[in-house]
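A, B, ... follow the sequence lines: proteins, then strands. Residue 1 opens every chain. No experiment lies behind these values; they were computed from the predicted model shown.
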Amino acid sequence: MASNEFQPLQGMSDIQAPEIYLWRMMEERARAVFTSYGYDELRTPVLEKLSVFQRSLGDTTDVVKKEMYSFKPSKHELAMRPEGTAGTMRHLAGRGEEGLSARVFYIAPMFRYERPQAGRKRQFHQVGVEATGEPNPLADAETIAMQKSLLDAWGLTGSKIQISTRGEPSDRKPVADGLRAALQPHLNDLCADCQRRIDENVLRVIDCKNEGCQTIVDQIPSAIEFMSEASRTYLDQVIQTLETMGVEVTVNPKLIRGLDYYVHTVWEISHSALGAQDALAGGGRYEIALGRKAIPGVGFAIGFERAIMALEACGISGEQFAPVNGVWLVSLGETALVENMKLAAELRAKGIRCGMELETKSMKAQMRKANRSGATKVIIRGDDEIEKGTAIVKNMVEGSQEELNFEEVIRNA
RNA sequence: GUGAUUGUAGCUCAGUUGGUUAGAGCGCCUGAUUGUGGUUCAGGAGGCCGCGGGUUCGAAUCCCGUCUUUCACCCCA
């Protein structure tokens, strides 16, 4: 790192081997799990009209207000997506009737202009799903169960699912009023942030990290208690269904999700290995209005960078998924070198991972490279072998070797 | 946006109160039977000490700025 002129931008990073093998494993298994649940992959553009995000995430949220990369190259103000749901809804809204009962997933980079820290990048990556359809506790439960089975497929252990509800839109006012009234007597004991939040966004007082605020919050009724009977029943049904399915969740009425579009069930998955940003995934039921009518649905997103931190804490790393079992060709002399290039092409056409040195180097050097490549088999050819129509095949694990007919070598490879 | 923190070979890091050609380990290259790896031994290559400015006879070392790293707040995945 002699200079930073070749470094990526702040909060962005190049993902290279061996870590990339972990990414690939996660992507492959995510596709397999989602496909088994009947979901299809959807790839939306990175750039959307700014209004797509303003309308679906709510233009008062921090994500929209101050964290978006936005610019105006021509007529429309554009923005790079800070999350995946808005673009997906923009797409589904355009599919009319069909978009109201869709099951899609995405694996894509997201962009947020924030100060980077542990598990927080300016370009970060999410895998997420959206299932549109009228509110149904069973759909919420299935989504959470699917998310859990993805984490299992990755080998991630030690994560905790916390669940709560935001209730129906009609619950918002009673909840806010109720909390404000309950907090009013304690106003002077709240931290400066919370004194501001009590008017701007009361819900945020509830998950304030300040200890003093927390003791006050513990004394007052939870947000759920101000909600309608129907909203509470809905949450109970989700929890019961999950219980029947054997998915363990903890109810946490203090759980707050920031985006405006959430209704009913919300949840978060955290892991102790993550530091302050301990949420590796979040999800919830939402209602997003882009066209004339709102699209109801349920979905979640998992942060790759954070999931990887948690996986590494579980002892899972990229090296474990590096390609293995290759063949390495050793060539002694110009003739063998060219002949081996033909052989390599033939082996590769058969799907065999095959490497070789393209300049004439000592056998020792070539063997060293073979060893480093992780090849389990080495095929050695020099002038003698070419003339005889043979090749030496060496087993790198056992160290044994034998001279075989060239045709036989190809057949056994 | 706020408050801290980091930057020396490919990697992980030393570098004493500012003082001659900036070091180690690992890795890399070459060699130890001129056709055999992973162990060992010997040799070698490789650094504008993040970048710009300042102080000084002299700066990797002190000061200022800038970029970057990491962490917390905030917010969120």
Tell me the interatomic distance from [X], atom [atom1], to [N], atom [atom2], rounded to whole angstroms.
X	N	atom1	atom2	value
A/Lys377	B/G38	NZ	C1'	19 Å
A/Ile386	B/G35	CD1	C1'	14 Å
A/Asp193	B/G1	CG	C1'	12 Å
A/Met363	B/C29	CE	C1'	19 Å
A/Met12	B/U70	CE	P	13 Å
A/Met367	B/U30	CE	C1'	18 Å
A/Gln10	B/U68	CD	P	4 Å
A/Phe124	B/A77	CZ	P	8 Å

Pairs flagged by side chain to side chain donor-acceptor pair (under 3.5 Å) wherever residues 351-368 of chain A is involved - sequence neighbours left out: A/Glu357-A/Lys369
side-chain N/O [X] vs [N] OP1/OP2, d < 4.0 Å:
X	N	answer
A/Lys364	B/G37	yes
A/Arg368	B/C29	yes
A/Arg197	B/C75	yes
A/Arg372	B/C29	yes
A/Lys66	B/C75	no
A/Arg115	B/C75	no
A/Gln117	B/U70	no
A/Gln277	B/C73	yes

Ranges pairing with ranges for RNA chain B, where each run has three or more Watson-Crick or G-U pairs under 3.5 Å: B:1-4 with B:70-73, B:10-13 with B:23-26, B:28-32 with B:40-44, B:50-54 with B:62-66
Quick one: does [X] reach the base of [N] with a side-chain donor-acceptor pair under 3.5 Å?
X	N	answer
A/Asn371	B/G37	yes
A/Arg120	B/C74	yes
A/Gln366	B/U36	no

Answer with yes or no whether the side chains of [Y] and [X] bring together a donor and an acceptor at under 3.5 Å.
X	Y	result
A/Glu19	A/Trp23	yes
A/Arg112	A/Tyr69	no
A/Asp260	A/Thr61	no
A/Asp59	A/Gln54	no
A/Thr250	A/Gln162	no
A/Tyr21	A/Gln320	no

B/C71 versus B/U5 - spacing of their P atoms, nearest Å: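 Per the computed distance, 15 Å lies between those P atoms.
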Spacing of the C1' atoms in B/A22 and B/G1 (rounded, Å):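 Between the two C1' atoms, the distance is 40 Å.
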Along RNA chain B (nearest heavy atom to each residue), the more 5'-positioned of A/Asp62 and A/Met309: A/Met309
First encountered from the 5' end of RNA chain B, between A/Ala281 and A/Cys208: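 Checking each residue's closest nucleotide, the 5'-ward one belongs to A/Cys208.
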Note: A/Arg90-A/Glu48 ion pair, threshold 4.0 Å (strictly below): yes
